[in-house]
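Predicted model, so just to flag it, every value in this text is computed and none were measured. All chains are named by letter (A, B, ...) in the order of the sequence lines, taking the proteins before the strands, and each is independently numbered beginning at 1.
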2 protein chains.
Amino acid sequence: MPFSGKISPLTIQRLSLYLRVLKEYAAMGKVAASSGEIAEATVSTAAQVRKDLSYFGSFGKKGQGYNIDELIEAIEGILGLDRRWKVALVGLGKIGQSLIQFKEFGQIGFDFVAIFEKDPEKIGKSFNGIPIYHIDEMPRVCEEETILIALVAVPAESSEEVFQRVLDAGIRGILNLSGRCCFKPPPHAFIKNVNVAAEIESLSYYLTHF
Amino acid sequence: MPFSGKISPLTIQRLSLYLRVLKEYAAMGKVAASSGEIAEATVSTAAQVRKDLSYFGSFGKKGQGYNIDELIEAIEGILGLDRRWKVALVGLGKIGQSLIQFKEFGQIGFDFVAIFEKDPEKIGKSFNGIPIYHIDEMPRVCEEETILIALVAVPAESSEEVFQRVLDAGIRGILNLSGRCCFKPPPHAFIKNVNVAAEIESLSYYLTHF
DNA sequence: TTATAATTGAGATAAAATTCACAAAAGCAC
DNA sequence: GTGCTTTTGTGAATTTTATCTCAATTATAA
Ligand SMILES: NC(=O)c1ccc[n+]([C@@H]2O[C@H](COP(=O)([O-])OP(=O)(O)OC[C@H]3O[C@@H](n4cnc5c(N)ncnc54)[C@H](O)[C@@H]3O)[C@@H](O)[C@H]2O)c1
Ligand SMILES: NC(=O)c1ccc[n+]([C@@H]2O[C@H](COP(=O)([O-])OP(=O)(O)OC[C@H]3O[C@@H](n4cnc5c(N)ncnc54)[C@H](O)[C@@H]3O)[C@@H](O)[C@H]2O)c1
């Protein structure tokens, strides 16, 4: 990958959005798009789109904009989406079940290959064709399957312990849906928190004051 | 509310986190906490915590930190959580069902009072005691019930149309789980996007490059 | 071939967010 | 009461992020 230096996480998030609209454009048969169009579609600005892309290279043609297929390929390369990733789910509760059935993960290159639980009722069975293991088996299974990413959807009370076990199993990327957003990963690992409760509290703030 | 001027959305998000740890502290019987403790627990810094709070007033005592009960009350006031909010769900699919059953919304002051669907199989019944209406009834029901916040969990294809209908029904705060993050609300309305697909793509980036 | 229009890429500038640094409390011990 | 320790609140400095501007490039049409 021909780039160096620290890139803002905000840039990375926006690249995901750009990629989404570019794929829609491609599906519509569109061949080129300008930074202005991409910005319009992602509630951003043309300058922001160009700046974000410029950290990684020059992908456009002056006067013409960006070739959509080329830019999709470039962004997929940047984001590491030019491959498939094996993913584990930890905690097959209500939210875990809906995540497993969520089609888009597969479409963007992420495959669930293992579910980890502590409930003896669930262990040994499978859900949507994916085997359910005891959480104690995580180190073995993750190594055998080379799983590097886990979605954690256990109750907040268990999450601290589960994060530690997940890291001990060799997982380096955690998508945390447990509601507990206060875990600091070691330097070689990464965590992304998704917290609908906090989001709805923000809405409350804006409705109260504006 | 004794404050004015524009507050960063990042500050608002962090206030939610501070509130969470403060409530935990309160449940543990703790009486006071310093900015350093709160920072430690929320993966922030002491200066950041103090700065965030200082936009809204002085809630601490020099040398002593913050009284936990007082600070909880202050933050709840700031975020508009010193009341209950009625909330609608639009789209009772897999993710919608798990959101309805998600206990924490009730604990922090948000009550689901209506579900809107377009599937005739579901309409007229109820889920978890909450009535399911046809989406055409949204304007009437939202007015009668004074619902101002909606969680949108319909498929991405329908989301554009649904956003418009939700706004037309008088909703002013949208928590969008549809995966389509490109909707620009009118000035009097607010949207918060939650997108697990984009989050997992960020993880891919970090695992690829670090 | 030459003007015309569109749009990129990037340096300069501006704005926003975070961190620093320290005087001003506030409690505590003696 | 005096001195010591802790920790806030905040202006200033710094760092980060976003926006602005415009020369350079490309296609197109006259
Ligand atoms: N349901 C939602 O819509 C929703 C939304 C946002 C966040 N969340 C959060 O997601 C988490 C799970 O929510 P849910 O509604 O799916 O709860 P749930 O109780 O339905 O499911 C939790 C699952 O985790 C398993 N589990 C518990 N401890 C475990 C451990 N140590 N190791 C492995 N598995 C373990 C349980 O056996 C259970 O199957 C909660 O923290 C909740 O705050 C849920
Ligand atoms: N399942 C997940 O874990 C998950 C995670 C993240 C995001 N999402 C997103 O959430 C959305 C819903 O996902 P899901 O898995 O629940 O899908 P789903 O198909 O199970 O449910 C969608 C529901 O929305 C209803 N619906 C469709 N159009 C409607 C309309 N115009 N008005 C009212 N209701 C309508 C359908 O009848 C259905 O009940 C998708 O866009 C998906 O990308 C899902």
Side-chain angles (χ1 to χ4, degrees), chain A residues 2-18 21-22 25 30-75 78 184 202 205, chain B residues 2-18 21-22 25 30-75 78 184 202 205:
Chain A
F3 67 92
S4 57
K6 216 183 90 292
I7 304 293
S8 162
L10 297 168
T11 291
I12 302 305
Q13 286 180 209
R14 283 189 297 262
L15 288 179
S16 270
L17 300 189
Y18 305 156
V21 311
L22 289 167
Y25 287 164
K30 209 160 144 57
V31 293
S34 69
S35 55
E37 279 178 88
I38 299 171
E40 170 78 22
T42 56
V43 196
S44 184
T45 66
Q48 182 75 77
V49 172
R50 294 203 300 276
K51 181 63 82 179
D52 284 337
L53 293 172
S54 76
Y55 296 128
F56 302 96
S58 314
F59 307 106
K61 264 214 194 72
K62 300 194 180 186
Q64 305 311 113
Y66 301 88
N67 175 284
I68 287 171
D69 288 340
E70 277 171 34
L71 190 54
I72 287 175
E73 193 160 353
I75 296 180
I78 293 164
K184 183 172 179 162
S202 290
Y205 169 80
Chain B
F3 66 91
S4 56
K6 214 182 89 293
I7 304 292
S8 162
L10 298 169
T11 290
I12 301 306
Q13 286 181 209
R14 284 190 297 264
L15 288 180
S16 269
L17 300 189
Y18 304 157
V21 312
L22 289 166
Y25 287 165
K30 209 160 144 57
V31 178
S34 68
S35 55
E37 280 179 86
I38 299 171
E40 170 77 22
T42 56
V43 196
S44 183
T45 65
Q48 183 74 80
V49 171
R50 294 203 299 278
K51 181 65 82 179
D52 285 337
L53 293 172
S54 76
Y55 297 128
F56 302 97
S58 317
F59 307 106
K61 265 213 195 72
K62 300 194 181 188
Q64 306 309 114
Y66 301 88
N67 175 286
I68 287 171
D69 288 341
E70 277 170 34
L71 189 53
I72 287 175
E73 193 161 351
I75 296 179
I78 293 163
K184 183 173 180 160
S202 290
Y205 169 80

Query raised in the report: Starting at the 5' end of DNA chain D and moving along, which residue's nearest nucleotide shows up first, A:Arg50 or B:Gly63?
Result: B:Gly63

Report summary line: Comparing A:Gln64 with A:Arg14, nearest DNA chain D nucleotide closer to 5' gives the residue A:Arg14

Indicate whether OP1 or OP2 belonging to [N] is found under 4.0 Å from a side-chain N or O atom of [X].
X	N	answer
A:Thr45	D:dT19	yes
A:Ser8	D:dT16	no
B:Tyr66	D:dG9	yes

Requested in this report: Looking at every strand, decide which applies to B:Thr11 at a 4.0 Å heavy-atom threshold: base, sugar-phosphate, or nothing.
Outcome: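 No contact.
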
Requested in this report: Just call it for B:Leu10: base, sugar-phosphate, or nothing, with non-hydrogen atoms closer than 4.0 Å on any strand.
Outcome: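 B:Leu10: backbone/sugar contact only, no base atoms under 4.0 Å.
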
Query raised in the report: Does A:Lys184 pair with B:Glu40 as a salt bridge, N-O distance under 4.0 Å?
Result: no

Using whole Å, report how far [atom1] of [X] lies from [atom2] of [N].
X	N	atom1	atom2	value
A:Phe56	C:dT8	CZ	P	18 Å
A:Lys62	D:dT25	NZ	C1'	5 Å
A:Gln13	D:dT16	CD	C1'	15 Å
B:Gln48	C:dA16	CD	P	16 Å
B:Asn67	D:dT7	CG	C1'	15 Å
B:Lys51	C:dT18	NZ	P	11 Å
B:Lys61	C:dA26	NZ	P	8 Å
B:Asp52	D:dT10	CG	C1'	14 Å

Query raised in the report: If you check every side-chain atom of B:Pro9, which of C:dC20, C:dA17, D:dT8 has the closest atom?
Result: C:dA17

Query raised in the report: Is the side chain of B:Glu37 donor-acceptor paired with the backbone N or O of B:Ser34 at a distance under 3.5 Å, no angle test?
Result: yes

**Report entry** Test item: A:Thr42 side-chain N/O and A:Ile38 main-chain N/O as donor-acceptor pair under 3.5 Å
**Finding:** yes

Requested in this report: Return yes when atom CD of B:Glu73 has more than 12 non-hydrogen atoms of other residues, nucleotides or ligands closer than 6.0 Å, and no otherwise.
Outcome: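 Check fails, neighbour count at 12 or below.
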
Query raised in the report: What is the distance from atom CZ of A:Phe59 to atom CD1 of A:Ile78, rounded to the nearest 0.5 Å?
Result: 4.0 Å

